[in-house]
Each structure stands twice: as structure tokens, then as C-alpha cells.
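Working notes for the structure below.
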Amino acid sequence: MAIFGGRKTHIEKAEGPAKLPDSLTVPTQRGESVLAAAQDDLTQAWVALTTYRVVVLSPGGDVLVDRPWHEVDTGAWESEAAILSLSWVGGTTALQWRMRTLTGPGRIPEVFRDRVSASVVHVREVKLSPKRTATVSIRSVLSTRELIDQVALGRGARAADSELATEVERVRQEARAGVGLPPTSDSSTPL
């Protein structure tokens, strides 16, 4: 899990937070608040980062994305282009927003990094060879503080690799025990 790998990750301090327009709201639960918001230059969608979630709203207020922080796999802030990119655990379509012209990024880069980092409790790499790798993570569901495990295959790794699967399961059980989770016989994120 390379949360902020591969691209520039310099985070500039914002002069002031961008704010959602009064016509848009993000429904929040107890203990949750919107920490940062900015508008995408291309789609005019609003990216709102809350205590517990990434929420994207259309200019008309429709919810386009509503995902918890522990589902963010990787992310990068490219300060020169003012682009935030992220991908989700499980390999679903990656997303990207440019926040330069309409509102600027505000506190988006800083809050993004903070919230993803807050959800990561433990990460361990499994590497049998360059194309036989996986990452075992323990993540926190920030809204409930529940701990969960996640397994992500590395680039080129095959789900049918029984030796890799055995080593991943061993590391997964060690990680669970290391944070006080009981052993389990079924993988939460199967290879």
C-alpha cells in the first residue's frame, strides 16, 4: 500500500479553507464534520473531505462518491498541477480532480493526507520475488474505530499463487494478533 507514492506529495499550507456553497450540504453523522472542500476545475463537482469520508457532490448537490477513508488505497497531491489523485482498495476506478482555478485546493491536500494516515494502523509487505508481492494492512474504520484487515496483491502477482497466498495468510494473522484482533480463518480481502 503506497498511500502517497509515485508522485509529488509536497503539501502547501492553505491560506484559507474553501467552503461548500450554501446550496450544497454533506449529511454528517455524530462526531463528523466537513474538514475541507474544493471544486474540481473540469467537472465543477465539489470534493468534500469529512472526518470519516471522501464525498463528491455534483454542482446540483447529487452525491457522486461517498466512501470511507479506509477504502482509499493510494493517493497523491501534485502541487504544480493542483491535482489530487486517488485509487480505492479493490482496484475500482481511480479518481482525479484538478483544483487550481475555481476554488484552489484550500486544505484538501493536508486533510487528505491526515485522514488516510489516520486510518492506517499497520502495514506489512510480503515479497517472495519482484512479481510475487502483496501488502497486508490493518486499517481503522474512523467512524466506529473498528479495526479491519486488508490484503492487496502487488503488480504482476497472481491470485492463484498458492505459495504467496500461504505467506500472506501467515502475515495477516500476525498483523491481526499484533493489534489485538482475534485470528480468523477467512480472509477479509481474498487473494
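Scanning for salt bridge (Lys or Arg N to Asp or Glu O under 4.0 Å) contacts around R98 gives an empty result, with sequence neighbours left out. The side-chain hydrogen bond (donor to acceptor under 3.5 Å, both in side chains) test applied to Q44 returns no partner, not counting sequence neighbours. Checked against side-chain contact (heavy atoms from CB on, under 4.5 Å), A94 has the following partners two or more places apart in sequence or in another chain: S87. In this view, S58 satisfies the side-chain hydrogen bond (donor to acceptor under 3.5 Å, both in side chains) rule with no residue, not counting sequence neighbours. Remark: P21 pairs with S23, L24, W46 by the side-chain contact (heavy atoms from CB on, under 4.5 Å) rule, at least two apart or across chains. Every residue two or more places apart in sequence or in another chain was checked for a side-chain hydrogen bond (donor to acceptor under 3.5 Å, both in side chains) with S140, and none qualifies. Applying the side-chain contact (heavy atoms from CB on, under 4.5 Å) rule to T133 yields the partners K127; only residues at least two apart in sequence or on another chain are considered. For R170, the salt bridge (Lys or Arg N to Asp or Glu O under 4.0 Å) test picks out E167, E174, with sequence neighbours left out. Every residue was checked against the side-chain hydrogen bond (donor to acceptor under 3.5 Å, both in side chains) condition with E146, not counting sequence neighbours, and none meets it.
Closest heavy-atom contact between L142 and A118: CD2-O, 3.7 Å. Taking all atoms of both residues into account, the shortest heavy-atom contact from P105 to W77 is CB-CH2, 3.5 Å. Closest heavy-atom contact between V34 and A48: CG1-CB, 4.3 Å. In terms of heavy atoms, R132 sits closest to A157 at CA-CB, 4.5 Å. Here the closest non-hydrogen pair linking R30 and Y52 is O-OH, 3.6 Å. Nearest heavy atoms, A45 versus L64: CB-CD1, 4.2 Å.
Other residues sharing a hydrophobic cluster with V179 under the 4.5 Å side-chain heavy-atom criterion for ILVMFWY residues are V121, I138, L147, L181.
Contact check for V54 versus L49: side-chain heavy atoms found under the 4.5 Å cut-off. At least one side-chain heavy atom of V47 sits under 4.5 Å from a side-chain heavy atom of M99. Between W97 and I83, every side-chain heavy-atom pair lies at or beyond the 4.5 Å cut-off. Contact annotation: the side chain of L164 approaches that of L153 to within less than 4.5 Å [non-hydrogen atoms, C-beta and beyond]. Residues P183 and R176 form no side-chain contact, since every pair of their non-hydrogen atoms from C-beta on lies 4.5 Å or further apart. Contact of the V136 side chain with the V168 side chain is registered, since non-hydrogen atoms from C-beta on lie closer than 4.5 Å. The side-chain heavy atoms of V26 and L20, taken from C-beta on, include a pair separated by under 4.5 Å.
Here the CG-CG distance, from L84 to L95, works out to 9.0 Å after rounding to the nearest 0.5 Å. Taking CZ of R107 as the reference point, atom CG of L35 lies at 6.5 Å (rounded to 0.5 Å).
With hydrogens and angles disregarded, a donor-acceptor distance shorter than 3.5 Å links the side chain of Q173 to the backbone of T184. Using modelled atom types, one side-chain atom of Q150 and one backbone atom of H70 make a donor-acceptor pair closer than 3.5 Å. When atom types are taken as modelled, the side chain of S137 and the backbone of R139 share no donor-acceptor pair closer than 3.5 angstrom. In this structure, W69 contributes its side chain and T50 its backbone to a donor-acceptor pair below 3.5 Å. Remark: side-chain polar atoms of S117 are not paired, donor with acceptor, to backbone N or O of D114 under 3.5 angstrom. Between the side chain of T135 and the backbone N or O of E125, no donor-acceptor pair lies under 3.5 Å.
W88 carries R67 over the face of its six-membered ring, with the cationic atom under 6.0 Å from the centre and within 45° of the normal.
Residue pairs meeting the salt bridge (Lys or Arg N to Asp or Glu O under 4.0 Å) criterion with at least one member in residues 34-55, sequence neighbours excluded: E32-R53, R53-D66.
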